[in-house]
Amino acid sequence: MSTIDLPALAAAPAAPITSAGHAQLGLAVLVGIGVIVLLIGSLKLHAFLALTIGSLVLGAVAAAPMDKTIASFTSGLGSTVAGVGVLIALGAILGKLLADSGGADQIVDTILAKASDRTMPWAMALIAGIIGLPLFFEVGVVLLIPVVLLVAKRGNHSLMRVGIPALAGLSVMHGLVPPHPGPLAAIDAIDADLGVVLALGVVVAIPTLAVAGPLFGRYAARWVDIAPPERLVPERPSEELERRPSFAVTVSTVLLPVVLMLGKALVDIVVDDPADRVQRVADVVGSPLIALLSAVLVAMFTLGRAAGFRRDRLATTVEKALLPIAGILLIVGAGGGFKQTLVDIGVGRMILDISEDWSISPLLLAWLIAVAIRLATGSATVATISAAGLVAPLAADMSTTHTALLVLAVGAGSLFFSHLNDAGFWLVKEYFGMNVGQTIKTWSLMETIISVVAGGFVLVLSLVL
């Protein structure tokens with residue numbers, strides 16, 4: 001079995017791989033992913049350790065020198081954390097300030113006060129979409145569940161009629177819109193423009209949310225008719241506060257980084273002159289780091305101070321925001337290491353060589369690869385990072401727009417059919433008091449609809465842009 005020289009492949013990525021090499025690399029990918037699936041699904045090992053072990057197995061089966069496999073993994077881990085780690089941390093701080101200050105509750109209460117019985121599902125989707133921008137999915141679920149249960153109980157609504165739109169809003173944002181970890185990692189791996197991904201992500205997210213949220217919620221409510229489990233209604237964060245920020249200020253703060261990053265993308269399109277002073281300023285102000293850092297600093301005053309937080313309370317909030325993301329950073333980093341190992345042993349070139357003979361859209365191929373990894377591992381983030389590493393070479397000759405669509409295709413595929421090996425499946429099941437069958441008929445099917453609809457919109461956009 002021949003030895004694969006990692007640096008040589010990296011230096012000359014265009015070198016063709018023999019058919020024997022294809023077979024060996026294909027086996028290595030299957031075994032590597034299989035090990036990750038076994039460790040996460042059956043042995044319940046933490047995803048960070050599973051990805052680390054899977055990367056070493058991948059290199060070993062591909063007959064790559066172990067020292068170079070380790071070097072590939074560590075360099076991929078380091079570059080991924082360097083690229084997205086600070087952004088994930090800033091997003092976590094912004095989300096924590098939004099929750100603890102009562103800003104999220106203010107958005108919820110304001111929108112619900114203006115919603116009628118008929119528009120309530122749409123209001124829940126809007127709420128989830130807005131507060132889901134800076135919040136991780138799990139945090140958003142914990143934050144919104146009390147609202148969903150209270151609305152269903154007090155308004156005599158079907159729990160699924162209002163719950164599915166809320167879950168759809170959080171899931172769509174998680175899979176398609178930065179600064180969530182998956183999209184950020186895919187942008188870094190594929191080297192896409194974040195502003196363009198953000199803009200197109202919002203374009204895809206809105207109709208996807210409408211279909212998978214309020215529209216699908218009608219049918220989910222007929223299939224699963226359950227009462228809100230009162231024992232699961234926790235206290236809302238703002239109940240202990242004497243005051244909280246206004247609706248307008250809260251929404252403006254949440255949307256600030258989005259506006260700054262979209263502004264940069266717009267200036268890049270209109271001006272398109274790197275030497276122009278306006279574009280240089282926009283490139284700095286609209287960079288993800290500055291946009292999110294600005295939003296965090298602004299939020300300390302508009303959200304924290306408005307809620308009566310003093311310096312010590314603000315410091316505590318920031319500290320509490322950073323503690324839970326350690327595991328997320330490690331998983332994202334290890335996913336980047338696995339991605340880099342895939343790239344360095346030549347899997348990307350293998351996919352390019354094989355796909356040349358297929359009459360299949362690169363975007364559809366990216367979606368299918370993400371779907372396969374999602375079904376196998378149960379993790380949308382792992383699926384996004386791994387699939388992005390596999391399909392990154394496909395972006396070499398793509399335009400900026402189509403590179404962004406490649407990121408969204410991966411993100412859409414990563415949401416396909418959440419089932420028993422996904423932690424989110426059990427989180428939703430327990431919070432809504434459903435059994436496994438009911439969860440599959442509602443949550444799992446909703447995730448599949450999001451994946452298919454978003455993937456379809458990405459393909460449509462690729463034909464017109």
Side-chain angles (χ1 to χ4, degrees), residues 3-15 17 21 24-37 39-40 47-88 181-192 328-353 366 369-370 373 376-377 379 381-396 403 406-407 410-411 414:
T3 298
I4 297 175
D5 188 345
L6 301 184
L9 278 177
I17 301 174
Q24 183 176 338
L25 289 175
L27 176 63
V29 172
L30 292 176
V31 172
I33 293 178
V35 167
I36 294 172
V37 172
L39 293 176
I40 294 177
F48 167 71
L49 295 175
L51 284 164
T52 303
I53 296 171
S55 299
L56 298 177
V57 171
L58 172 69
V61 176
M66 188 53 64
D67 59 334
K68 294 180 180 179
T69 300
I70 294 171
S72 291
F73 176 78
T74 54
S75 66
L77 186 152
S79 63
T80 301
V81 172
V84 305
V86 176
L87 305 183
I88 292 174
L184 282 177
I187 289 168
D188 182 68
I190 296 175
D191 196 23
I328 295 173
L329 285 175
L330 288 173
I331 293 172
V332 170
F338 182 68
K339 176 266 300 182
Q340 192 61 45
T341 306
L342 287 167
V343 171
D344 287 350
I345 66 172
V347 173
R349 170 51 53 185
M350 178 190 74
I351 290 179
L352 279 179
D353 290 345
I369 291 173
I373 299 175
T377 65
S379 170
T381 302
V382 171
T384 300
I385 298 170
S386 301
L390 286 169
V391 304
L394 299 176
T403 302
L406 186 65
V407 171
V410 169
S414 74

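Heavy atoms only: backbone and side chains are in, while hydrogens, waters and symmetry mates are out.
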Point to revise | Identified side-chain contact (heavy atoms from CB on, under 4.5 Å) counterpart of T384 within the set L184, V410, V407 | key: V410
Review point. Can you find a pair of side-chain heavy atoms, one from I345 and one from L25, that are under 4.5 Å apart?
Key: yes
Exercise for review: Go through the structure and list residues passing side-chain contact (heavy atoms from CB on, under 4.5 Å) with A395, not counting sequence neighbours.
Suggested key: I190, M398, T403, L406
Study note, to complete from the structure: Shortest non-hydrogen pair, A189 vs A388, comes out as CB-CB, 3.9 Å
**Study point:** Exam field: side chain T74 to backbone A71, donor-acceptor pair closer than 3.5 Å
**Key:** yes
**Study point:** Distance-minimising heavy-atom pair for S75 and Q340
**Key:** OG-CG, 3.8 Å
Practice item. For I369 and I373, run side chain to side chain contact (heavy atoms under 4.5 Å, CB included): C-alpha distance rounded to whole Å, both residues' side-chain angles, the deciding distance at 0.1 Å, then the answer. Key: CA-CA 6 Å; I369 291 173; I373 299 175; 4.0 Å; yes
Name the atoms and distances for all side-chain donor-acceptor pairs under 3.5 Å in residues 51-62, with sequence neighbours left out.
{"unit_1": "T52", "atom_1": "OG1", "unit_2": "F48", "atom_2": "O", "d": "2.8"}
{"unit_1": "S55", "atom_1": "OG", "unit_2": "L51", "atom_2": "O", "d": "2.8"}

Practice item. Could you tell me which non-hydrogen atom of F338 sits nearest to which non-hydrogen atom of F73, and how far apart they are? Key: N-CD1, 3.9 Å
Point to revise | Rounded distance [0.5 Å steps], OG1 in T69 versus CG in D344 | key: 9.0 Å
Study note, to complete from the structure: Taken to the nearest 0.5 Å, the spacing of S79 OG from D188 CG works out to 6.0 Å
